Colleague: 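Here's a structure for you.
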Amino acid sequence: MSKSSKCESQRCDEAKSLPISRHRDALVRAVEDHVFLVVTGETGSGKTTQLPQYLYRAGLWKAGNIGITQPRRVAAITVAQRVSHEMRFTLGKEVGYQVRFDDCTSEATVVKYMTDGCLLREILADPLLSKYSIVILDEAHERSLNTDILLGLLKKTLCGVDKGSEGRSVPLHVVVMSATLETDKLSTFLGGCPVFTIPGRTFPVTSSFGSAIGPKDVNGSSYVNEVVRVALNVHSGELAGDILVFLTGQSEIEKACDLLYEKAERIDYRYDVQDQTVEGLLILPLYGSMPTDQQRQIFLAPPTGIRKCVVATNIAATSLTIDGIKYIVDSGFVKQLNHNSRVGMDILEVVPISKSEAQQRAGRAGRTSAGKCFRIYSNEFWEKCMLEYTVPEIQRTSLTAVVLTLKCLGVHDVIGFPYLDRPEERLILEALKQLYQFDAIDRRGRVTRLGELMVEFPLHPGLTRALLKAASFGCEDLLLPLAAMLSVENIFIRPGHPEKQKEADKKHRRLAAKAGGMNDFATLLSVFQWCKDSDSPSAWCKENWVHWRALKSAFSIETQLCEILLRLKQKRDFPVEVFTGNKSELFRRCLCTGYFTNVARRSVGKTFSTMDGHGTAVHVHPSSSLFEHEAELDWLIFHDMMVTSRVYLRTVCPIRYEWVKELLPKLHQVDVYELSNIAREEVDEEEVAKSESKEAKRLTEGSDKDVASKLEKRNDEASVCDARARYLQRKLERQHKAL
DNA sequence: GAGCACTGC
């Protein structure tokens, strides 16, 4: 027997012995008999890999494809690989996957694994999902933004009681798979559908509480020392098995590793990774921005007699699985990006994890054998400071892009949309307001022509607005690379060593100066071009302290954006405008149409004030090429804001007031109350007509009068501009034909 | 004169 076929038969035996295999026939029947089904089972139950195979073998693919969503790319790819292997198919034939930049499917594909974002894109192109007979939403308990939106969409427009599956030749079946959390809630949400429970195959993990961290430490005081102490106790007092420590970020992970290294030496024998004969502790940091080759060694088994201790961020909670972990040390905290409506900002902050998250962390110790979880916080902290469940992403994030997607799918009433957990109304109103400001929706909340173009781009709507402006002037070559560069992680490397730091800073300053200086957006654009045109792009990056990995992904994003734009430009009514002026001004004016919501004006000294109505006092970040040139500046736009010792603006560009003068009133003229009423109204023609007259009446009355006339005026200007654009487009087409 | 958790289209 060859090695590969032996491996294959082992796999098949494994699949047969999985807890799910006994329920095979009942599961297939349950899917067939119901529109909605909730399937629950812990990790190791086999639901992700086996259920699609059962449905395939029962012939259900004949009525349409079987689609399975995952919140993460790696999961979609690895599961598809495993399933195609188990079924003895070539990956990309009957079983395939699709993630951004990687479509491994063909005409023959009937079982398709994909990210939830991919399925959402498919719905935009084909709202009835006519190619599918079954859609499976996996890992629903993670409550990713896209999965939550898909849940609502599938409930409302595809299988809803109100609409049914009308327009489809066969009804769509939806399976929602979730760990054994909140399954009653899911079932209730889906009209009281049946819940199918599959036993898991994990090992017991016993958890214990500590006493050092209590309710008074809720703001995340120094828990690094305590984590280190507990980890060392585990090392010196527990049986063999590796340790996984959860902390919140790179700097404290490095601090903890240093401390562990220093103290382990004292309690331990000498240790040396190269010398496999001595006993000891192997300390390994793990966080997302770490180079991939360094991450790789985390997964290697430690040398005999050596205990591995991985000190990680939340990346080890779901994204990466490390074999051999028997002990967990849980700090009880996580770094989370939360949207703060009060200040109108996203703030990255350290917060206590939820109880379900703590259980998830503990579960990482029970994958191969029984494990132990040491929580450094007290029982009282658990009771008083930790929520039952993590606040779902949909309630903590900016909804601008999501609301546009929903509107483009015909969900006019975005407040009444069936959310599994409803976001605060304020969050939805903020999104509507932004969309209105970017001309993606009109005063009545309807998607504009521009909005229909905008939804096609996987970018923040503001950035898309700037890109489309540039495209209308025919200068998209300026904005496409920039949009790509702003979509990837920070491209500038800043090493820890002071000497190297100086060297890197110097290189970065030189790049900024060479790009013209005084414009961080232009620097990004130039870096993209220089690197791309270089004979050896990776060497160029190394030389200039730039992340090659980030640049590579910027290149593929630019290609993708370019393809989307080309497709849209072929449409008849793509806007066309004419601009006379120099290129630098053109570039910055295009930016202004998307970034006028991010305008700041210098107040006193080096302090600026935002113009979004909050009037936040802000400073230019020292990494900006405008830093220490503040006195020469008056107005500027910025890409993002960061809150540390001060509120800093990063990626900044000076502008003239005249360029935003027309746009700025838009920040204040729109009435959220008005938008909220609009948001609640139905698409019904009669309702629209009624709201029009009601709104016209309100706009011409009382204190709103001035605002109303201004709104009317601007909309007139906008429509004139649109008409002019259409005329120019037709003219160009005629000329083209004549040639 | 500074320090970014994790995903995804």
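Computed from a predicted structure; not experimentally measured. Note on naming: letters A, B, ... go to the chains in the order of the sequence lines (proteins, then strands), and numbering restarts at 1 for each one.
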Colleague: Taking the inter-plane angle between the rings of Phe438(A) and His460(A) on a 0 to 90° scale, is it parallel (under 30°), tilted (30 to 60°) or perpendicular (over 60°)?
Modeller: perpendicular

Colleague: How long is the line joining CD1 of Ile149(A) and P of dG8(B), in whole Å?
Modeller: 18 Å

Colleague: So what does Asp505(A) hit on the nucleic acid, given a heavy-atom distance under 4.0 Å: a base, only sugar-phosphate, or nothing?
Modeller: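 The residue Asp505(A) makes base contact.
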
Colleague: Which nucleotide, dA5(B), dG8(B), dG1(B), lies nearest any side-chain atom of Pro622(A)?
Modeller: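 Of dA5(B), dG8(B), dG1(B), dG1(B) is nearest to the side chain of Pro622(A).
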
Colleague: Write down the distance between CG (Asn314(A)) and P (dA5(B)), rounded to a whole number of angstrom.
Modeller: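 Distance check: Asn314(A) CG to dA5(B) P gives 12 Å.
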
Colleague: Quick one: label Thr115(A) by what it contacts on the DNA or RNA (base, sugar-phosphate, nothing), any heavy atom closer than 4.0 Å.
Modeller: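 Touches sugar-phosphate only.
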
Colleague: Contact class for Gln560(A) vs. all strands (heavy atom < 4.0 Å): base, sugar-phosphate, or nothing?
Modeller: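 No contact at all - Gln560(A) keeps every heavy atom at 4.0 Å or more from the nucleic acid.
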
Colleague: Would you call the rings of Phe417(A) and Tyr419(A) parallel, tilted or perpendicular, where under 30° means parallel and over 60° means perpendicular?
Modeller: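 Perpendicular: the ring planes of Phe417(A) and Tyr419(A) meet at over 60°.
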
Colleague: Identify whether any heavy atom of Phe457(A) sits under 4.0 Å from a base atom; if not, whether one sits that close to sugar-phosphate; answer base, sugar-phosphate or nothing.
Modeller: nothing

Colleague: Without hydrogens or angle criteria, can the side chains of Asp116(A) and Gln70(A) be said to hold a donor-acceptor pair below 3.5 Å?
Modeller: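 Asp116(A) vs Gln70(A): no donor-acceptor pair found between side chains.
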
Colleague: Rounded to whole angstroms, how far apart are CE on Met641(A) and C1' on dA2(B)?
Modeller: 17 Å

Colleague: Remember a base hit wins even if backbone is also touched, and classify Arg72(A) as base, sugar-phosphate or nothing at under 4.0 Å, heavy atoms.
Modeller: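 Counting heavy atoms under 4.0 Å across all strands, the contact made by Arg72(A) is with sugar-phosphate only.
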
Colleague: Between atom CD in Glu142(A) and atom C1' in dG8(B), what is the gap in whole Å?
Modeller: 12 Å

Colleague: Please tell me which of Asn146(A) and Lys335(A) maps to the more 5' nucleotide of DNA chain B, matching each residue to the nucleotide holding its nearest heavy atom.
Modeller: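 This one resolves to Lys335(A).
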
Colleague: Expressed as a whole number of angstroms, how long is the span from Glu630(A):CD to dA2(B):P?
Modeller: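 That distance rounds to 12 Å.
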
Colleague: Among dC6(B), dA5(B), dA2(B), which nucleotide sits nearest the side chain of His621(A)?
Modeller: dA2(B)

Colleague: Within the structure shown, what part of the strands sits under 4.0 Å from Gln501(A) by heavy-atom distance: base, sugar-phosphate, or nothing?
Modeller: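 Base contact.
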
Colleague: Within the structure shown, what part of the strands sits under 4.0 Å from Ile315(A) by heavy-atom distance: base, sugar-phosphate, or nothing?
Modeller: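 Here Ile315(A) touches the backbone only, sparing every base.
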
Colleague: Which is true for Thr644(A) with a 4.0 Å heavy-atom rule: it touches a base, it touches only sugar-phosphate, or it touches nothing?
Modeller: sugar-phosphate

Colleague: Could you tell me how far apart Leu459(A) (CG) and dC9(B) (P) are, to the nearest whole angstrom?
Modeller: 13 Å

Colleague: What is the distance, to the nearest angstrom, from the NZ atom on Lys502(A) to the C1' atom on dG1(B)?
Modeller: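 About 13 Å, once rounded to whole Å.
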
Colleague: Contact class for Val350(A) (heavy atom, under 4.0 Å): base, sugar-phosphate, or nothing?
Modeller: nothing

Colleague: Between Ile322(A) and Leu286(A), is any pair of side-chain heavy atoms under 4.5 Å apart?
Modeller: yes

Colleague: Do the ring planes of Phe555(A) and Trp548(A) sit parallel (below 30°), tilted (30 to 60°) or perpendicular (above 60°)?
Modeller: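 Phe555(A) vs Trp548(A) ring planes: perpendicular.
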
Colleague: Which of the following nucleotides, dC6(B), dC9(B), dT7(B), is nearest to the side chain of Thr313(A)?
Modeller: dC6(B)

Colleague: Under 4.0 Å, counting only non-hydrogen atoms across every strand here, what does Arg73(A) touch: a base, just sugar-phosphate, or nothing?
Modeller: sugar-phosphate

Colleague: Please state whether the phosphate of dC6(B), meaning OP1 or OP2, lies under 4.0 angstrom from any side-chain nitrogen or oxygen of Thr318(A).
Modeller: no

Colleague: How many Å lie between OH on Tyr287(A) and P on dA5(B), as a whole number?
Modeller: 9 Å

Colleague: Give the table of side-chain donor-acceptor pairs shorter than 3.5 Å for residues 396-403 of chain A, with sequence neighbours excluded, one pair per line with atom names and distance.
Modeller:
residue: Arg396(A); atom: NE; partner: Val391(A); partner atom: O; Å: 2.9
residue: Ser398(A); atom: OG; partner: Thr400(A); partner atom: OG1; Å: 3.1
residue: Thr400(A); atom: OG1; partner: Gln434(A); partner atom: OE1; Å: 3.0

Colleague: Output the single nucleotide from dA5(B), dC9(B), dA2(B) whose closest atom is nearest the side chain of Leu348(A).
Modeller: dA5(B)

Colleague: What does Ser319(A) touch in the nucleic acid at a heavy-atom separation under 4.0 angstrom: a base, only the sugar-phosphate, or nothing?
Modeller: sugar-phosphate

